[in-house]
2 protein chains.
Amino acid sequence: MSQSSKSSEPSAPVPTSADVARRAGVSRATVSYVLNNTEAVRISEPTRRKVREAAEELGYVPHAAARSLRAGRTRIVLMPTPHVPIGPLYSTFLDELQWALRRLDYTVVQYGSLGLSGDEAVRAWAELRPVAVISLGEITLSARNVATLRRAGARAVITMGPTAVPGAHALVMDQQQIGARAAAHLVERGRRRIGVVVPREAGLELFSAPRLAGARGVAGAEVEALPMAYSEESAAELAARWRGLRLDAAFAYNDEYAMLLMRALLDEGLRVPEEVAVIGADDLLIGRLLRPRLSTVRIEMPTGDHLASLVDHAVREPSEATERHDLMTAEAVRREST
Amino acid sequence: MSQSSKSSEPSAPVPTSADVARRAGVSRATVSYVLNNTEAVRISEPTRRKVREAAEELGYVPHAAARSLRAGRTRIVLMPTPHVPIGPLYSTFLDELQWALRRLDYTVVQYGSLGLSGDEAVRAWAELRPVAVISLGEITLSARNVATLRRAGARAVITMGPTAVPGAHALVMDQQQIGARAAAHLVERGRRRIGVVVPREAGLELFSAPRLAGARGVAGAEVEALPMAYSEESAAELAARWRGLRLDAAFAYNDEYAMLLMRALLDEGLRVPEEVAVIGADDLLIGRLLRPRLSTVRIEMPTGDHLASLVDHAVREPSEATERHDLMTAEAVRREST
DNA sequence: TTGAAAGCGGTACCAC
DNA sequence: GTGGTACCGCTTTCAA
């Protein structure tokens, strides 16, 4: 179960640029010039080769902390890691964003703020001196938090959420729209009494609350909030008392919850959509696997490129006014369940 | 669309411990002592208060890079961010792991290696001088990569994968087991000719290849690889030519692909499980929503605590032999589709 | 109980 | 073309 290895006992010291310089018989300055291809300075080809070889042989890797300490700034874009599985939609968006930022030569660091309070988390982020912070979801930043980050050198702070935070560039992804589109669709289809499923799972409030509020705001809809956990039991329990609720439609937070509920309603002998119309959100593939096919609200996320260039711009021109951008659109897609 | 803000023009300089010292009328050393609660040194209560207040007023946050440069080591545990949505199972595990590491006072940094080759990615990681690297999935580390990380000061390198990497602590999550359990279950149910769905999507090979290989290794099973994309079209296309394939069972990588395939097979008029048995993997909730209910392979992941303490131990005792740990178990769960 | 100063690993200015 | 050196922010010995 254990294979021994000749691991260095007190561990060999990490090679520094001084080591490279010594080995190549040049100064530390020269090493720096060569390895960074400094334009402003000419180094002879033989010297370059010697330096490169020495670095290679030693397995030299520059020390990011030392570099950014000297430079006085980093290229770190910090993104708090979400802890709730946030769905393929969001994941894809984040991936795109990472790509795009990397193309702009930023280093994307996801920092897990799990188990930290908002203030603690922000402090921890600030210690890394990120040039930008993109906080989408979970932790809502206060104005004070934004100030802390700015003082620590962040030139752009971007938040997602229903409301803009003073001092931050706000990327407003208005989740309300989603609830509004769903409820409006149901009303259009002749429904009035709409049950809105609210996940019992913690950490989703930032999404679920606005979705509920959005539905509430639709004229002609009577909305009832229905807490439900992501489990067969919880769905069955809700379905069992469905007839008593006197609802003719359900909007179920997203397609996964909608599927779960629809399955339970069907098992309970209710006809979908005749007796109860069901609509989800996010337009997930799995929504098309059950019969009737699930109607949904399709969400158009901003492209990663777009947000990345927003970040880049904010970093380069931090003196500009903070802006508010609405970057998300939603539309109902009718399939068979409504 | 744009609200102006009194953003500091050339941006005020970030406050340093020297600023705090000046404001409190003490030396930088004293500031350090107070803010770090250094045991070895006694500071009078009034001085402590002055320092704390000054720091508070300035919004001082220490500079992580400077600190770790001086200390000569970091508490960073680096985890490459996966770019493919990896499923709730894996996400939960990663969350647990983050929690556990934080409790042990490590800073978990997820570094997006998107768009970097293996070597480039490893170099970038090494620049951060992480004390440990936990690379699960996607990028497979070569022995050379591990050496690079070790030279850069990483005291533990942990990889996931079917095979151990020389010099790294290997957390072997043997995906082969999953394929083996699935195929064995099908053989037990009297099936012989098994189609194994292999996702066309890039980035999943690290999981899909071993699962396929595991199925191949089961006595009594004739295995055929079936490339399929995660889309209704691809599934329908596969289902359309199913009868010609003369297969009596399918193992579909995971429950999502299995659901997709099963739906397409049913739509094609095939009877499940009579004409074709279908089994997935990961035991996702959605697998229970279709009828017949999907059989699956349930995977038991190691607990985050366990892996965290493994990491911690490796960091403290790096001279110990590198070890290989088998941390994953899998078992078939029969529902109705087999 | 507090302060002065060295030094962590790079970079970039200025001399030679 | 190349080298000497000051400095980025923080911790920690050593002296006072």
Side-chain angles (χ1 to χ4, degrees), chain A residues 13-52 54-55 58-76 123 126-129 131 151-153, chain B residues 13-52 54-55 58-76 123 126-129 131 151-153:
Chain A
V14 182
T16 72
S17 77
D19 296 323
V20 177
R22 204 164 12 252
R23 193 165 226 277
V26 300
S27 73
R28 285 176 340 129
T30 305
V31 171
S32 175
Y33 294 141
V34 171
L35 297 184
N36 295 306
N37 287 314
T38 309
E39 302 283 346
V41 123
R42 306 222 162 310
I43 304 284
S44 71
E45 202 43 58
T47 306
R48 303 184 98 86
R49 256 218 343 280
K50 276 191 303 184
V51 170
R52 293 229 165 80
L58 289 174
Y60 168 73
V61 175
H63 193 307
R67 194 203 296 264
S68 59
L69 180 58
R70 167 69 225 217
R73 63 205 145 64
T74 69
R75 294 284 292 174
I76 292 178
R123 235 189 107 85
E127 292 191 356
L128 298 181
R129 298 288 188 270
V131 70
R151 252 200 315 273
Chain B
V14 182
T16 72
S17 77
D19 296 323
V20 177
R22 204 163 12 251
R23 192 165 227 276
V26 300
S27 73
R28 288 161 60 219
T30 305
V31 170
S32 176
Y33 295 142
V34 171
L35 297 184
N36 295 308
N37 288 312
T38 309
E39 302 284 347
V41 123
R42 302 231 160 304
I43 304 283
S44 69
E45 203 43 57
T47 307
R48 302 185 98 87
R49 257 218 342 280
K50 276 192 301 184
V51 170
R52 293 232 164 78
L58 290 174
Y60 169 73
V61 175
H63 194 307
R67 191 202 295 264
S68 59
L69 181 57
R70 168 66 223 220
R73 63 204 145 67
T74 70
R75 294 284 291 175
I76 293 177
R123 234 188 108 85
E127 292 192 355
L128 297 181
R129 298 288 189 270
V131 69
R151 252 199 316 272

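As a basis for the values below, the full set of heavy atoms in this structure was taken, side chains included, without hydrogen atoms, waters or symmetry mates.
Mapping B:V14 and A:G25 onto DNA chain D by nearest heavy atom places A:G25 at the nucleotide closer to the 5' end.
Residue A:S17 places no side-chain N or O under 4.0 Å from the OP1 or OP2 atom of C:dG9. Dashed line: the shortest gap from a side-chain N or O of A:S27 to OP1 or OP2 of D:dG3 is under 4.0 Å. Between A:T30 and D:dG1 there is no side-chain polar atom (N or O) within less than 4.0 angstrom of OP1 or OP2.
Of the residues in residues 33-46 of chain A, those lying under 4.0 Å from DNA chain C by heavy-atom distance are A:Y33, A:N36. Near DNA chain C, meaning a heavy atom under 4.0 Å from it, residues 64-76 of chain B has B:L69, B:R70 in order of number.
No side-chain heavy atom of B:S68 sits under 4.5 Å from any side-chain heavy atom of A:E127. Side chains of A:H63 and B:L69 form a contact here, defined as non-hydrogen atoms less than 4.5 Å apart. Side-chain contact between A:R67 and A:S32: absent, with no pair of heavy atoms (C-beta onward) separated by less than 4.5 Å. In this structure the side chain of A:T30 reaches within 4.5 angstrom of the side chain of A:T47, judged on heavy atoms. The shortest side-chain heavy-atom distance between B:R129 and A:V61 falls under the 4.5 Å cut-off. Looking at heavy atoms from C-beta onward, B:L128 lies out of side-chain contact with B:T74 at the 4.5 angstrom threshold. At a threshold of 4.5 Å between non-hydrogen side-chain atoms, the residues A:V51 and A:L35 count as touching. A:N37 places a side-chain heavy atom less than 4.5 Å from the side chain of A:R48.
Distance from the side chain of B:T16 is smallest to D:dG9 among D:dG9, C:dT2, D:dT12.
Using a 4.0 Å heavy-atom criterion, one finds that B:S32 contacts the bases of the nucleic acid, with or without backbone contacts as well. B:V26 comes within contact range of the sugar-phosphate backbone alone, with a heavy-atom separation under 4.0 Å but no base atom that close. Using a 4.0 Å heavy-atom cutoff across all strands shown, B:R48 reaches no nucleic acid atom at all.
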(request) Check the pair A:V131, A:R73 against side-chain contact (heavy atoms from CB on, under 4.5 Å), reporting the backbone distance first and the verdict last. (result) CA-CA 7 Å; A:V131 70; A:R73 63 205 145 64; 6.0 Å; no
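One cannot find a donor-acceptor pair under 3.5 Å joining the base of C:dG9 and the side-chain atoms of A:R28.
The distance from atom CD of A:E127 to atom P of D:dC10 is 10 Å, rounded to the nearest whole Å. A:H63 has its NE2 atom 14 Å from the C1' atom of D:dC8, to the nearest Å. The CG atom of A:L58 sits 12 Å away from the P atom of C:dG10 (whole-angstrom rounding).
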